[in-house]
Structures are given as structure tokens and as C-alpha cells.
2 protein chains.
Amino acid sequence: MSVAKALTTEESITTRERILRESSHLFAARGYYGSSTRDIAKAVGIRQPSLFHHFPTKQAIFQELLSYSLDDSAAVAEYLARAGGSPAARLYRFLVEDFRYLMDSPYDLRSIFTSDVLLDDEFEPWGQTADDLYVAVADIIRQAIAAGEFIEIEVSFARQAVSGLMLETIRERSLGEELPAQRPTRTADFMLRALLADRSRLGEIAAEACAIEGLPAYRDTE
Amino acid sequence: MSVAKALTTEESITTRERILRESSHLFAARGYYGSSTRDIAKAVGIRQPSLFHHFPTKQAIFQELLSYSLDDSAAVAEYLARAGGSPAARLYRFLVEDFRYLMDSPYDLRSIFTSDVLLDDEFEPWGQTADDLYVAVADIIRQAIAAGEFIEIEVSFARQAVSGLMLETIRERSLGEELPAQRPTRTADFMLRALLADRSRLGEIAAEACAIEGLPAYRDTE
DNA sequence: GTCTATATTCGGATAGAC
DNA sequence: GTCTATCCGAATATAGAC
């Protein structure tokens, strides 16, 4: 019954949504410029000009994927940067939330993070959003160092380590097999182990992270 | 005097080498398919058809960059996977060596690691080399867990964390400013802090890592 | 070793029928 | 909402002069 339901759900996906999903996989595999509108159309099962009924340009497809992957993450990071309580717990919560969102997404978002294109003028607004996200994460790390929860470490370096782990997770997911459900917490554990001044607080911090409330919701597909 | 020397050195770079350097930057910024041979030629300061005097195809340029970034790293990782002594120290040494190589390289090797293209048939041999590299690193990690030096952690996850950090370092370097000279050891420290069962052994392990001898040499440019 | 000129294929996007 | 047919610019690569 649940299989039948799943199939029904699959079949009710709109063409527009299928374009987004197939595009994300092609962009991830061959880059934005390496994926032609003909490739996308073929993957979706329509002819090339039919794409332009759903999106005005190829750019618009990519922009929608960018917006999906960045807007909500940035909102969550900025919320957590301003929230109270343990900064370490807030970083932990961000990692768990963001990984889960990326893991469960039907899109393969590698091309956004590897960002062949993010520097281009056409996509500049999202370069800005990506910056906001980075600044918010760096801010949480700075707070954790100031509070003595993290070791003395260069903030930009720690922030980059976070990005590196995220990117690698997205990449792995797109290589095929499903990632285990514990992956988000495991990744957050890993990160915190490297950063905490007192490793034995990890359990306590994870518990506090779970209790944080009021986060902005992530967008659904469809 | 040393500045004059440096300038002389700069000016003695061959056209072929300049093609490799400019290509690597373009590939990193806009992807392999997003960078035309016209773009490359313009960056080098010659006309587009002149490229084909130095490389038979555009593919061949990318393949040379692939070979540069993967062959020696894989050789070093495989040597260290078979070497004796502390596995943790061997992983540490690999991280330091590989980061230094990537940091000091005149090429921007992001496009190789983000690998839009590595899955393509045309570049299949280097997909294999990348696999060899990953297997060797995973093997060192496995040895360290078995020896009780590392916490019980999923090997593939730890290996991915290594890749993520590497990628992020390459990316950062290419965004502009020079990275500090301590970056390789700092990165290795970070990684080991997350992995070690007993964090206090870090100093001792770094010292043993420095003492490892007989590593295959990395290639020079020109 | 670099140039001009050009062959040829493939890219994004539009017009208009159904 | 999808199709066929088509425009037009840009892509890789070659030929042959200097």
C-alpha cells in the first residue's frame, strides 16, 4: 500500500518539478555550462523547446535551485546566530538541520556549492546570500570561542571546515546510495569533537541543541 | 635581487605552461565546459587556434592538470598506506604533504576535485587514479582504528571528511589571498583532533609524522 | 610558433501549429 | 502544454600563409 502510494506520488510530480530534479542531476554531473537544454529535455522526456514553457531561460532553472538551497539555510543560520544559549549547541543544531535538509532534498545540489557559476554576475544575488550564510556560521563559531566552549582556532578556518564537510556530504549522496539517517548527527558530532575545548560535553551539547525552538521552516518541494 | 630573480623566472615561463595555469583558473571559476578555448587563449594572450600548437585538444589540457594533481598524491598515499609505524602519524603526514603540494601549486585545481567531469568516459583513467587515492587514504584510517589510535568511526565517513577539508582548502586558496604557511599542519591538527581516541597524543604523532622518510617526490611545474 | 580564414557542430531561444 | 521547424551566435578544430 505504501509502495502504491509512493508510486502515485511519483507520478503526480509536475513537469516543472521534474525539470528541476533532472537539471540538478545534470548540473551536478557535468556543470551548468556542460548541461544543455537539450540534455535536460531528454532527461525529462520532452522536446527542448517545451522547457521554455516552464522556465523563461536556462538561468532561471539554476536560480530556482540556488534559491531553494540557500535562502532557508541562511535564514536558519541567521536565526541561530542571534538566538540565546550555548553557541556550541547552536552550531550543532545548524549542522544537523542543514544536513538533513540537503540529504532529504530531491535535488542534487553539488553544482551550487562547487559554484562554478556563483561568481558570475548573472547569479550575483545568490553569491550575496551565500556570503550571509557564511557570515552567520562564522559568527556562531566566534561566539563559541569567546565563551570558552571551543578551542582557540581561526574562525575562518573552522567555518571552511564546516563548508567542506557539507559539500562532501552532498557529493556523496549524489553518488548513489542513500546516506544513513544518523548521518546529520554523526557529522555534527565529528565537527564538534574537533572544535570543543572539553570533548566530554558533547552529549550535553547535543541535548541542548535538540531543545532549541522557533527555527524558520525549510521549504518543501512542490 | 630576489624580486628581480622572481620576475625573470616569471618571464621565462613557456606558453605551454601559461596555458595550463590560465586554464586551471578558468576551469575553476566557470567549469570545464564553461571555459572556451577562446577564453583560454585570451587569458594567455594569443589567438584561439594557436592553442592547438601546444595541445592537440581542449581535453588534453584538462588531462594534464588531472595528471598533475592526482598521480603524485596517489603515489604518496599508497606509499604511506604500506609504510610501517603509527597509522595516525602516516595520515598526518599525508595531509601535510598533500596540502602543501596543492597550496604551492601554480594551478587552481578546484575543477578537478569538484569533478564535474571526472565521471565522463573521456577522463575515465583519472577517475580510476582518484579511486586509488581514496582507497589508500581509507586504508590508513582503517589501520589507525584497528590499532586503537582513532575512535571507532565509519571509515568512509572519515575519508570523506578528509576530502571535504582538502577541497575547501583548494577553494579558499583560489579565492585570492595567500594561505598562511602553517595551514597544512593546522589542517592536519584539526583532522586528527576529531579522530584521535586520545587527543593528548597529537604532539607526539606530529613529531613522528615529520620523521617519516622515503616518500615519492611530487612533480615540479616546468 | 603564431597568425587569418573557415569548416562544422552545437548551443539557447523563438514562431507558430495542434 | 507539447510539438516541428528554424534563427543565430558560439563552440572546437583545421588549413595554410608568414
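Note on naming: letters A, B, ... go to the chains in the order of the sequence lines (proteins, then strands), and numbering restarts at 1 for each one.
With sequence neighbours excluded, the residues forming a salt bridge (charged side-chain N to carboxylate O under 4.0 Å, His left out) with D139(B) are R142(B), listed by chain and number. For A88(A), the side chain to side chain contact (heavy atoms under 4.5 Å, CB included) partners two or more places apart in sequence, or in a different chain, are S86(A), E149(A), F150(A), L192(A), L196(A), I205(A). Residues satisfying the salt bridge (charged side-chain N to carboxylate O under 4.0 Å, His left out) criterion with R186(A), sequence neighbours excluded, are E154(B). Looking at residues two or more places apart in sequence or on another chain, you find no salt bridge (charged side-chain N to carboxylate O under 4.0 Å, His left out) involving R90(A). Residues that satisfy the salt bridge (charged side-chain N to carboxylate O under 4.0 Å, His left out) test with E22(B), not counting sequence neighbours, are absent from this structure.
Screening residues 126-145 of chain A for ring-ring contact (aromatic ring centres under 6.0 Å, His included) gives no qualifying pairs among residues at least two apart or on separate chains.
Atom pair R16(B):CZ and dG1(C):C1' shows a separation of 14 Å (rounding to whole Å applied). Atom-to-atom, CD1 of I46(B) to P of dG1(C) comes out at 11 Å; the value is rounded to the nearest Å. Straight-line distance from the CD1 atom of I40(A) to the P atom of dG11(C): 11 Å, rounded to whole Å. When the C1' atom of dG9(D) is taken as reference, atom CG of D39(B) falls 15 Å away, rounded to whole Å. For the pair F55(B) CZ and dA13(D) P, the interatomic distance rounds to 13 Å; values are reported in whole Å.
Side chains of R30(A) and Y33(B): a donor on one and an acceptor on the other come within 3.5 Å.
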Expected string for nucleotides 12-18 of chain C under the B/S/- scheme (protein heavy atoms, under 4.0 Å, primed atoms plus P, OP1, OP2 as sugar-phosphate) is BBB----
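Taken to the nearest 0.5 Å, the CD atom of Q59(B) stands 10.5 Å off from the CG atom of L66(B).
Between H53(A) and dC3(D) there is no side-chain N or O to OP1 or OP2 distance below 4.0 Å. Using a 4.0 Å cut-off, some side-chain N or O of S50(B) falls inside it from OP1 or OP2 of dC3(C). Dashed line: the shortest gap from a side-chain N or O of T15(B) to OP1 or OP2 of dT2(C) is under 4.0 Å.
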Please list every donor-acceptor pair under 3.5 Å in which a side-chain atom of residues 41-55 of chain A meets a protein atom from a residue at least two apart or in another chain.
from   : atom 1 : to     : atom 2 : distance (Å)
Q48(A) : NE2    : T37(A) : OG1    : 3.1
S50(A) : OG     : R47(A) : O      : 3.4

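In the helix from dG1(C)-dC18(D) to dC18(C)-dG1(D), the terminal helix axes, each the rotation mapping four pairs' C1' atoms onto the next four within five end pairs, subtend 10°, rounded to 10°.
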